[in-house]
Amino acid sequence: MSIENISNNKCFGGWHKQYRHRSSTLNCEMRFAVFLPPQINTGVKVPALYWLSGLTCTDENVMQKSGIQRVAAELGIAIIAPDTSPRGDDVANDDSYDLGQGAGFYVNASQAPWNRHFHMYDYIVKELPEIIEQHFPISEQRAISGHSMGGHGALTIALKNPERYSSVSAFSPISSPVNCPWGQKAFTAYLGAEQADWKAYDSCELINNATRFVPALVDQGNDDQFLIEQLKPQLLEAAARAKNYPLQLNYHDGYDHSYYFIASFIESHLRFHAKYLR
Ligand SMILES: N[C@@H](CCC(=O)N[C@@H](CS)C(=O)NCC(=O)O)C(=O)O
């Protein structure tokens, strides 16, 4: 698996780098970004936090807007930022911002035309870590986090693979895609009309069925424009309470859905993950 370096920026003593590669899982060319903390110079492998972004995003949003690098450099954690879907002229798409390219929802699509490329679940869980751990001094110690659609991705991926992630966190996640318009639209397209098939990618369902717990942290702004209709964190809270699941969910007055909110609390997420990555 070869990768091509396309940019390098020194940052807080470490490096922000972008790469292009051919993904066999997604059947197209993909780009990802990695922040390598200064500790890679000590000859010891560093752990990684995978960051899954939300609707309309690429690898660039978190790297340019969250300020994640400062504390990642202090703690010696690499940040991996993939794209949010397969892309390209021959990849299926939709005119709306919440379906198709930029909106992969971190599932494996079973329905045409999406099933030719939209296998973001397998890409994030299997192919990308293999590439990362082959090409960089990054260990198999992994944590996962994300925002909105990416918060849903992080939670579901950790809940489905508790042996692969030591902790999970999310900002403003889509807490139960089965129960909101964004999720219902995407899952109908990618997974088909059979709602029983959607439950394999619903955080609340997965918490309900969990047998092994991954410590979880969620932060949510109370002035988030998507809170009531789409995000529904109270469903996540109720599922966790019923199961005694180790979820800490914090609400914050005045904060919205943007990266200004993420930038305000990203430090606490990194320190949370650092406790479990050691
Ligand atoms: N209608 C909005 C909805 C998309 C949206 O809010 N995306 C969030 C994730 S769900 C985001 O992170 N946008 C990019 C950014 O703020 O940098 C748009 O098209 O930008």
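Order of appearance sets the numbers: ligands from 1, and atoms from 1 within every ligand.
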> Looking at the rings of Y121 and Y190, which for Trp means the six-membered one, are their centres under 6.0 Å apart?
Replying inline: no
Solution key, residues 231-242 side-chain donor-acceptor pairs under 3.5 Å, sequence neighbours excluded:
residue	atom	partner	partner atom	Å
K232	NZ	N179	O	2.8
E237	OE1	Y251	OH	3.1

> Looking only at atom types and distance, does a side-chain atom of N108 sit under 3.5 Å from a main-chain N or O of D122, one as donor and one as acceptor?
Replying inline: yes
Let me have the donor-acceptor pairs involving side chains of residues 62-69, under 3.5 Å, with sequence neighbours excluded, atom names and distances please.
residue	atom	partner	partner atom	Å
S66	OG	V62	O	2.6
S66	OG	I68	N	3.1
Q69	NE2	M63	O	2.9

>> Under the ring pair (Phe, Tyr, Trp, His ring centres under 6.0 Å) definition, can you give me all pairs with a residue in residues 209-228, not counting sequence neighbours?
In response: W182-F226, F213-Y245, F226-H257
What does the contact table look like for ligand 1 (nitrogen or oxygen on each side, cut-off under 3.5 Å)?
residue	atom	partner	partner atom	Å
ligand 1	7 (N)	L55	O	3.0
ligand 1	17 (O)	N61	ND2	2.7
ligand 1	17 (O)	K65	NZ	2.7

> Would you say the ring centroid of F35 lies under 6.0 angstrom from that of F12?
Replying inline: no
